Protein chains: 2
Amino acid sequence: MEVIKIILVDDHTLFRDGIKSILDDEEHISVIEEAADAQMLFDKLQNQHPDMVITDISLPDMTGIEIASKINKLYPDIKILILSMHNNEEFILSALKAGANGYLSKDIESAELLEAIHSVMNGKIYFNKEISQTIINNYRGGDHVDSKSSANINLTDREIEVVKLVGEGFINKEIADKLCISIRTVDAHKSHIMQKLGLKSTVDLVKYAIKNKLIDL
Amino acid sequence: MEVIKIILVDDHTLFRDGIKSILDDEEHISVIEEAADAQMLFDKLQNQHPDMVITDISLPDMTGIEIASKINKLYPDIKILILSMHNNEEFILSALKAGANGYLSKDIESAELLEAIHSVMNGKIYFNKEISQTIINNYRGGDHVDSKSSANINLTDREIEVVKLVGEGFINKEIADKLCISIRTVDAHKSHIMQKLGLKSTVDLVKYAIKNKLIDL
DNA sequence: AAATCAAATAGGTAAATTACCTAAATGAAT
DNA sequence: ATTCATTTAGGTAATTTACCTATTTGATTT
């Protein structure tokens, strides 16, 4: 069996070290590089050719989903395993769409990480939760995603703009001024958004924006 | 040198496994137990007697600060090392006040974790950032803290109640009804809070509540 | 080409909500 | 005894939102 070459991406050094320590015990796995953010990762990918990139879902400069999408475009043969703190189904589907080969919660045991790595190297797709192959087939091979269409698949560009501004604390009038539209239009956008997402208040919108990383906390 | 017995506490199994893998390579360190939450930890502490508890700052049922405070009260000889995702100075001071012996960001390298463990076992206090011994002396030995007085040291009980409700999406009238006070009183509380914290809008209050874990996202 | 539909745009008015002024009661601290 | 923070509110003006309807535009379908 060939040695599986891996690049680890996570902004928390201790977490990287932990994973590295687990993987270093494996004969057939070699962590050839580490990166703390997407910038470092893509720098290293210009000279190094790993079999797999294991990345955290949230990095300082890019989300794991965006990274997956970019890797999938630039280096389609590199497998991508995404690690996440939370089991957000929305993110899981976005990850699939972005071309990730696996999505794991950090709640898993190290044995499952190893199993996931080997499954993915054997051409499988690995998720902690059972997602039917049909769904997978529907989502894979689609066009590439960017941050806007990933988690916020239901919202239009304009609506996302509005959600962001709401999340940043601007009131309708201020948003109207910023976007050079009428207050009523902002009002209408907010109504549409809340209806689409099943939200009830501006505070819900703010939380949605935070959850979906449209704004920073 | 005696073997240092450690209990690891973190709700993410993979992270625990990673740390365990790092520590297992050390001769003088033994991870005798693991716990995913505070409940499990205190259950195990009834039968096990570690030298040190290493805990994440945020757990499902309790904060690391609260855990430190409780351990300090029940088992004052057990050393406490808190791991955190963020370098929030407010939390660092709260941790000190709660009796923690060290506070580390997850950004550190594994070597620094080992250094911190040994420092703490030798009676020192270990922090990634330089905090002067004077501050440490001022804060240590003080009374024990609970969640309310830790991160929200400037806010009164009533104000925290209000911030929580604002964060949960209730408007002033609803908050007034819930607390059985006048809308004006809620209004006044909000004004005071915003002035104290230097915030400008209800949205800022929501973010404050999330940041300081007064509400869940 | 015509019809249909989603998306983005607003106006008007009533209703809801907040902002800001002041101020009193209470209890703790100096 | 006095000062001070905390909690409590009333009144009014100003702001802000909610909800109704409705037009334009571009894309898709028939």
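Residue numbers begin at 1 in each chain, while the letters A, B, ... track the order of the sequences. Predicted model, so just to flag it, every value in this text is computed and none were measured.
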Counting only side-chain nitrogens and oxygens, does [X] get under 4.0 Å of the OP1 or OP2 atom of [N]?
X: T202(A); N: dT17(D); result: no
X: T185(A); N: dA10(C); result: yes
X: N172(A); N: dT17(D); result: yes
X: S191(B); N: dC20(C); result: no
X: K200(B); N: dA19(C); result: no

Nearest-Å distance for atom pair [atom1]/[atom2], residues [X] and [N]:
X: K196(A); N: dA6(C); atom1: NZ; atom2: P; value: 10 Å
X: K190(A); N: dT17(D); atom1: NZ; atom2: P; value: 5 Å
X: L155(B); N: dA5(D); atom1: CG; atom2: C1'; value: 14 Å
X: H192(B); N: dC4(D); atom1: NE2; atom2: P; value: 16 Å
X: I183(A); N: dG11(C); atom1: CD1; atom2: P; value: 10 Å
X: Q195(A); N: dC19(D); atom1: CD; atom2: C1'; value: 12 Å
X: I171(A); N: dT17(C); atom1: CD1; atom2: P; value: 16 Å
X: I193(A); N: dA6(C); atom1: CD1; atom2: C1'; value: 15 Å

Between S191(B) (side chain only) and D187(B) (backbone N and O only), is there a donor and an acceptor less than 3.5 Å apart?
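At least one qualifying donor-acceptor pair exists.
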Any idea which of [options] is nearest the [X] side chain?
X: T156(A); options: dA7(C), dG11(C), dT9(C); result: dA7(C)
X: I181(A); options: dA8(C), dA10(C), dT8(D); result: dA10(C)
X: E159(B); options: dT9(C), dA9(D), dT7(D); result: dT7(D)

Taking it one step at a time, do I19(A) and L113(A) satisfy side chain to side chain contact (heavy atoms under 4.5 Å, CB included)?
CA-CA 9 Å; I19(A) 302 286; L113(A) 173 63; 4.1 Å; yes
Can you find an N or O donor on one side and an acceptor on the other, under 3.5 Å apart, linking the side chain of R184(A) with the base of dT17(D)?
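Checked by distance alone, the answer is no.
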Tell me if the CD atom of Q48(B) is crowded by more than 12 foreign heavy atoms within 6.0 Å.
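Count over threshold, so yes.
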Charged N to carboxylate O under 4.0 angstrom, R158(A) versus E161(A)?
yes
Salt bridge flag under 4.0 Å for residues K44(B) and E34(B)
no
Under 3.5 Å, sequence neighbours excluded: what are the donor-acceptor pairs made by side chains of residues 197-205 of chain B?
unit_1, atom_1, unit_2, atom_2, d
S201(B), OG, V203(B), N, 3.4
S201(B), OG, D204(B), N, 3.2
T202(B), OG1, K190(B), NZ, 3.4
D204(B), OD2, K200(B), N, 3.0
D204(B), OD2, S201(B), N, 3.2

What does the list of N/O pairs under 3.5 Å between the protein and nucleotides 25-30 of chain C look like, with a distance for each?
none

No-hydrogen, no-angle side-chain donor-acceptor test under 3.5 Å, E66(B) and S69(B):
no
List the steps and the verdict of side chain to side chain contact (heavy atoms under 4.5 Å, CB included) for L14(B) and F15(A).
CA-CA 9 Å; L14(B) 191 54; F15(A) 186 76; 4.3 Å; yes
Categorize D187(B) for me: base, sugar-phosphate, or nothing, with a 4.0 angstrom heavy-atom threshold over every strand shown.
base
